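Input: a single structure, listed below in structure tokens.
Here the structure is a predicted model, which is why all the values come from computation and not from measurement. Remember, it's 1-based here, ligands and their atoms both numbered in the order they're listed.
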Amino acid sequence: MMRAKIIGTGSCLPEKCVTNKDLSTFVDTSDAWIQSRTGIRERHLVSSEAETTLTLAVHAAEKAMADAGICSKDLDLILVATVSSDFITPSTACMVQKELGAYHAAAFDLNAACSGFLFAFHTVDAYFQAGICQTALVIGVETLSKIIDWSDRSTCVLFGDGAGAVVAKASSRGMIASLQGSDGSRGEILLCKNRTNNNPFVSTGKEPDYLTMDGQEVFKFAVKKVPECIENLLGQADLDLSQITYFLLHQANHRMIASIARKLNLPMEKFPSNVDRCGNTSAASIPILLDEMHRTGKLSSGDILLLSGFGGGLTWAASLLEW
Ligand code: ACO
């Protein structure tokens with residue numbers, strides 16, 4: 001059976017790097033508070049109209065395609081995971097298709113918040129297993145900075161903008177096992193309302209809301225759910241923790257990753273992280289980290305990687321793959 005094998009990666013961060021000290025000039029916070037609670041030192045944020053969800057996605061995609069040695073006409077599927085697309089329609093995936101000239105590819109967006117990249121990757125894997133297509137581009141991209149309330153210190157210090165992409169090819173190697181799940185009954189702990197319906201019958205005149213979060217509930221959810229996911233997935237594949245080269249978790253928060261490592265009784269070296277430099281980039285965090293690992297030569301052919309995402313919805317997902 002054909003599965004998804006990653007054959008190229010790419011990423012793109014906005015040019016502007018914003019430090020904790022920069023944030024402390026307009027909200028009541030400090031570098032010491034942010035670093036001790038989250039591990040974040042800086043993040044990249046879009047700083048001009050020329051940088052958008054689309055431009056970040058396209059740059060990441062071009063790098064992934066160059067790395068994979070393919071051209072746009074080879075693509076037969078483009079999936080974009082995002083909660084912060086520039087347009088409601090067309091989808092970011094359709095706009096990426098146009099920019100790349102990937103006219104043979106079907107393209108659509110998928111929203112599973114911070115788990116979105118893995119939900120998209122698993123969808124591609126399922127398309128490959130079904131024989132529907134052979135070569136796909138999977139992008140996780142966010143410009144969360146546009147849905148953040150920049151006067152709310154409890155959320156604005158946590159997030160960053162960016163994009164990560166992979167090219168996946170149908171192969172007899174690659175994906176070993178995957179799982180995903182959702183709990184819509186707990187959606188309120190991470191919330192961002194779309195624009196208010198302003199039709200003449202329900203008009204309220206209210207502006208769209210910004211992202212709100214119950215930080216402690218999110219923390220508890222993640223440190224309980226991620227180890228469960230990891231154990232389940234390893235059980236499915238009949239592997240044990242010691243056989244995993246690296247665990248690439250959604251980069252929300254250093255303390256969260258450290259708690260998960262402790263729960264699994266594993267050293268932090270097994271959990272590469274870039275949250276100190278990127279903040280939480282939601283659907284983009286896992287592919288950005290994967291690209292950094294690949295480009296800095298940290299991954300070798302045959303390594304077994306466990307990727308795990310968790311976030312709004314609530315949603316969670318994990319993939320086990322051979323590099
Ligand atoms: N700077 C300074 N003080 C702050 C800041 C800030 N940026 N933010 C909150 N505080 C204050 C609060 O006002 C509060 O003050 P008080 O005691 O006077 O009332 C105090 O710090 C403690 O606030 P808590 O919310 O209890 O802080 P906590 O220790 O829980 O840390 C945090 C908050 C970092 C958000 C933590 O709950 C957490 O890591 N949660 C995980 C959530 C997360 O990472 N979400 C990312 C998005 S979701 C996802 O990606 C899955």
Inset, instruction - Using the test side chain to side chain contact (heavy atoms under 4.5 Å, CB included), find all partners of D240 that sit at least two apart in sequence or belong to another chain. - result: S242, Q243
Inset, instruction - Look at the rings of F108 and Y127 and say which category their plane angle falls in: under 30° parallel, 30 to 60° tilted, over 60° perpendicular. - result: tilted
Inset, instruction - Indicate whether the side chain of D161 and that of S145 have a donor and an acceptor atom separated by less than 3.5 Å. - result: yes
Legend entry - For ligand 1, the residues whose heavy atoms come within less than 4.0 Å (ordered by chain, then number): D28, T29, W33, R37, T38, C114, R153, S154, V157, F159, L190, M213, G215, Q216, V218, F219, H250, A252, N253, R255, M256, N280, F310, G311
Legend entry - ILVMFWY cluster membership beyond M2 - transitive side-chain contacts under 4.5 angstrom: none
Per-pair distances, 0.1 Å, donor-acceptor, side chain in residues 255-263, under 3.5 Å, sequence neighbours excluded:
unit_1: R255; atom_1: NE; unit_2: R37; atom_2: O; d: 3.0
unit_1: S259; atom_1: OG; unit_2: R255; atom_2: O; d: 3.0
unit_1: K263; atom_1: NZ; unit_2: V223; atom_2: O; d: 3.1

Legend entry - Min side-chain heavy-atom separation L299-T245 under 4.5 Å: no
